There are 4 protein chains.
Amino acid sequence: MHEQDDALLDEGNLNEKEGRILDAACKIFALKGFSATTTNEIAKEAGIAEGTIFRYFKTKKHLLHGLLKQLVHIMADRIAIPPIEKILSQTQGKAIKDILKEVMIDRMALVEKHFPLAKVVLSEAMLHQDIRDIILGKITDRVMPLMGDFIDRMVLEGKIRPMKSHIALRCFVGNTLLLVVQRQLLKDKFPIEDIEQEIDETIDLMLYGFANREKGGI
Amino acid sequence: MHEQDDALLDEGNLNEKEGRILDAACKIFALKGFSATTTNEIAKEAGIAEGTIFRYFKTKKHLLHGLLKQLVHIMADRIAIPPIEKILSQTQGKAIKDILKEVMIDRMALVEKHFPLAKVVLSEAMLHQDIRDIILGKITDRVMPLMGDFIDRMVLEGKIRPMKSHIALRCFVGNTLLLVVQRQLLKDKFPIEDIEQEIDETIDLMLYGFANREKGGI
Amino acid sequence: MHEQDDALLDEGNLNEKEGRILDAACKIFALKGFSATTTNEIAKEAGIAEGTIFRYFKTKKHLLHGLLKQLVHIMADRIAIPPIEKILSQTQGKAIKDILKEVMIDRMALVEKHFPLAKVVLSEAMLHQDIRDIILGKITDRVMPLMGDFIDRMVLEGKIRPMKSHIALRCFVGNTLLLVVQRQLLKDKFPIEDIEQEIDETIDLMLYGFANREKGGI
Amino acid sequence: MHEQDDALLDEGNLNEKEGRILDAACKIFALKGFSATTTNEIAKEAGIAEGTIFRYFKTKKHLLHGLLKQLVHIMADRIAIPPIEKILSQTQGKAIKDILKEVMIDRMALVEKHFPLAKVVLSEAMLHQDIRDIILGKITDRVMPLMGDFIDRMVLEGKIRPMKSHIALRCFVGNTLLLVVQRQLLKDKFPIEDIEQEIDETIDLMLYGFANREKGGI
DNA sequence: TATGAATGAGGCTTCATTCAT
DNA sequence: CATGAATGAAGCCTCATTCAT
């Protein structure tokens, strides 16, 4: 119970108790979902009294929203954006294959590190429009331009052929996401032996496609 | 409330009441998630008394499991498999592009028709191993062989280049899934104007890849 | 606990459980006030489970309103109005002194019988406009016309001198109310030895006033 | 919030903080009743920390008792008694009608000025014997002798006819009280147009009674 | 002395489950 | 077999009170 160390969310603008509560909530929401989690459990996990939760969050729903806002904020502004910005700004002279590999590994690591949170976000987002809006706001503002610009630049540099950036992005995200899901959730039935090789082959497929050029693609 | 017609689940081996309950549960689980749905709501939607639910399902949890089993059974054996089997068995003489398009449209239609159920299944599967196992069992037994064999056959026929079927499958599923999610959940922020063109471009990307061949692919 | 007999409120249009709940609520509200009464206490007093209360009344506040509506309804239509109508319709040949005495005794008995309820009503009415409105609606519709007409008739019959009925009514109600309050709440410090004599003297004062006519009233 | 000026209760023997707390408590108790008022609200209104309340009053209940004692003390000794003593000592040469009018106006003004407090006192007194005792003690000691002596003197002076003082007092208090209640609480349904005329007619009724002397009073 | 964060008992309310009809 | 009133455990939340600062 209530480990203080290694808090994923306790960052700057919120105090120590609030961070502990958010961490605990995140952990148990990820385990059982929002509705099935009790405020009592969260309090025990956070090592505080149940009532204390409600000094920081008016209701359990507010706690969820606060959590999601933190998540989105942190994911986007502190964790997710900077490394990808760095990678995307240091592409000169690199082969597109290596760039994509670097990005995919980085993104996989990111999602896998925060997979519990991701589960909370996704399962709630699936049901509730208001939660989708919190996430989408950030994606629209930060992720789309960043990735879109990158793809457009790659096209300009001649590293990839002309294409609509959102379709390329969807392809890349789809492949990465399913890879993570398989590793995290389906590892018993569909284990991945050599992850690096798996990534290599995935990128190869994305780059060169299914088509059999030698036979003319029919 | 309690429409008897057009029951998605009322199939054969379960009687009329049981089917009505499962239909109602499915509908409301999809809307609000399992924990947030009350048996009272289900009963009202099914047009029966609350107590009657417990004649057919020992607990609410049993109801969920029963529902998921039905869903997986039906999705796999009655709805999902037959059409794809048909498509996959009539590929001779067709271009790979058209085959993929046919499959993608068919799969999208399938998922979109049953999107509410899909949401239930996915959000519960994200949290609970036992539920994942129910689904995965069917996928391992039926879907993987079918799709794997198809890809292998395409390779043999020279329509696609040699590749590992599970990677190709992941790519195809990833693209299709995100396309559906975008259409269903993100339509406000990321609308898709012309779905057929979107599919065409997605398949084109899958077939021929990102790479700019003319420039040598670097 | 939970006596079924002698229910003050269990009248016709509400079923047995609902009546038991209202009776219990009435008893404890009168003892401790609305806010200080717990739904748990009410349930114990009514001899039912706490949850059952909420099958009949959405919230504790709704229970209070239901109670007040019943009280006002019963007080006005079943208990309060009929006897006074009877008295007021049989005044021919009687001295005004005897009529007033009859009315006062009847009204005192009525209020004293329902004094616990009266306390609930008054203490809530003091604080909340919405509750005052429930009561006043009935008074405006039923009590005022009845008493006003009576006073006007007495004036016409020459039994009392011309006067505004609402002032006479206020005087009569004020005297009666304080008499009841003294008997019920102040009996330790200001006991009333002979209630009939007290009533006689009160009516004598109302009829003939303070003024000393023999000295010219100055 | 927390105006320091014009404190009703901050008088002499209690220090500034204590006075602020009592003032705030009084204001909010009057608005919402004792149980429905939170110590947090009181603290905010008083402009102090919640914990500070408990330096001055052991519990919330003690705060109520302290408040009531202050109220009764101030009402009786500082506010209520002196003016009435003055009026009652300057009656020579005045008509009884004018004396009563003067007293009634003075008492109405007094009650109306302190109506919020009066509501607290009354609603709590209705429920709790111990609170009634605090009030009645003061009334027995100070008010009754004062008013009783005045009435007896009026009788001796021949200004009113011989009567028991407590009955006359009850009549006067009843009329005055209901007049205030009507003005304060029932103004929407039973408005009073011309208050001075209303008082005149009420006093006239008290002085000369209902009886129609010309017809012989039958 | 004053603070206000923290507490935790206890309030109101929900809801899966039971059972007499 | 079907019902739905009743149950009571348990959830969310409030708030008087305490105590370290």
Side-chain angles (χ1 to χ4, degrees), chain A residues 15-18 20-21 35-44 46-63, chain B residues 15-18 20-21 34-44 46-64, chain C residues 15-18 20-21 35-44 46-63, chain D residues 15-18 20-21 34-44 46-64:
Chain A
N15 75 15
E16 185 248 345
K17 279 265 158 62
E18 195 169 352
R20 292 240 302 278
I21 294 169
S35 290
T37 298
T38 72
T39 51
N40 180 31
E41 285 172 303
I42 295 170
K44 280 205 180 108
I48 53 155
E50 198 173 354
T52 304
I53 292 174
F54 297 94
R55 288 188 65 73
Y56 292 93
F57 303 95
K58 208 150 39 117
T59 68
K60 193 185 162 197
K61 196 97 213 274
H62 282 89
L63 171 55
Chain B
N15 76 14
E16 186 247 348
K17 281 260 162 64
E18 196 169 350
R20 292 240 301 277
I21 294 170
F34 172 74
S35 290
T37 298
T38 72
T39 50
N40 178 36
E41 284 172 303
I42 296 171
K44 277 205 183 107
I48 53 151
E50 203 171 353
T52 306
I53 291 174
F54 295 91
R55 298 212 145 273
Y56 293 93
F57 303 94
K58 201 146 52 102
T59 69
K60 194 185 161 196
K61 194 96 213 263
H62 284 89
L63 170 55
L64 175 64
Chain C
N15 76 16
E16 186 248 345
K17 280 264 158 62
E18 195 170 352
R20 292 239 301 277
I21 293 170
S35 290
T37 298
T38 72
T39 50
N40 180 29
E41 285 173 301
I42 295 171
K44 280 203 179 111
I48 55 156
E50 198 173 356
T52 305
I53 291 174
F54 297 92
R55 287 188 65 74
Y56 293 94
F57 302 95
K58 209 152 37 118
T59 68
K60 193 185 163 198
K61 194 99 213 271
H62 283 90
L63 171 54
Chain D
N15 75 15
E16 187 247 347
K17 282 259 162 65
E18 196 169 352
R20 292 237 303 276
I21 294 169
F34 172 73
S35 291
T37 297
T38 71
T39 50
N40 179 35
E41 286 171 302
I42 296 171
K44 278 206 183 106
I48 54 151
E50 202 171 354
T52 306
I53 292 174
F54 296 91
R55 297 214 145 271
Y56 292 94
F57 303 95
K58 199 143 56 101
T59 69
K60 195 184 159 197
K61 196 96 213 267
H62 283 89
L63 171 55
L64 175 64

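For clarity, every value in this text was computed on a predicted model and none was experimentally measured. In what follows, chains are A, B, ... by sequence order, proteins preceding strands, each numbered from 1.
- In this structure, C:R55 atom CZ and E:dA16 atom C1' are separated by 13 Å, rounded to whole Å.
- Taking atom CD1 of residue A:I21 and atom C1' of nucleotide E:dT7, one finds them 13 Å apart after rounding to whole Å.
- Closest to the D:K60 side chain, of the nucleotides E:dA6, F:dA6, F:dA16, is F:dA16.
- In this structure, A:T52 reaches the E:dT7 phosphate: one of its side-chain N or O atoms is under 4.0 Å from OP1 or OP2.
- Using the Watson-Crick or G-U wobble rule with both distances under 3.5 Å, F:dA9 pairs with E:dT14.
- Both distances falling under 3.5 Å, in either a Watson-Crick or a G-U wobble arrangement, place E:dT7 opposite F:dA16.
- The base-pairing partner of E:dT21, taking Watson-Crick or G-U wobble contacts with both distances under 3.5 Å, is F:dA2.
- Looking at heavy-atom distances under 4.0 Å, A:T37 makes contact with sugar-phosphate atoms alone, never a base.
- Per the geometry, NZ belonging to A:K58 stands 17 Å off P belonging to F:dC12, to the nearest Å.
- Each of C:A49 and D:T39 lies near DNA chain F, and the nucleotide nearest C:A49 is the one positioned closer to the 5' end.
- Atoms CG (B:L64) and P (E:dA16) sit 13 Å apart, rounded to a whole Å.
- Checking F:dA2, E:dT17, E:dT13 against the side-chain heavy atoms of C:F54 singles out E:dT13 as nearest.
- Under a cut-off of 6.0 angstrom, the local environment of NZ in B:K58 is sparse, with at most 12 non-hydrogen atoms contributed by other residues, nucleotides or ligands.
- Look at OH on B:Y56: it is 8 Å from C1' on F:dA2, rounded to the nearest Å.
- Using a 4.0 Å heavy-atom cutoff across all strands shown, C:T38 reaches sugar-phosphate atoms only and no base atom.
- Here E:dA2 presents its P atom at 16 Å from CD of D:E50, a figure rounded to the nearest Å.
- One can place CG of D:N40 at 18 Å from P of F:dC13, the figure rounded to the nearest angstrom.
- Mapping A:T59 and C:G51 onto DNA chain F by nearest heavy atom places C:G51 at the nucleotide closer to the 5' end.
- Residue contacts shown for A:F57 are absent, as no nucleic acid heavy atom lies under 4.0 Å away.
- With rounding to whole Å, A:H62 atom NE2 is found 14 Å from F:dC12 atom C1'.
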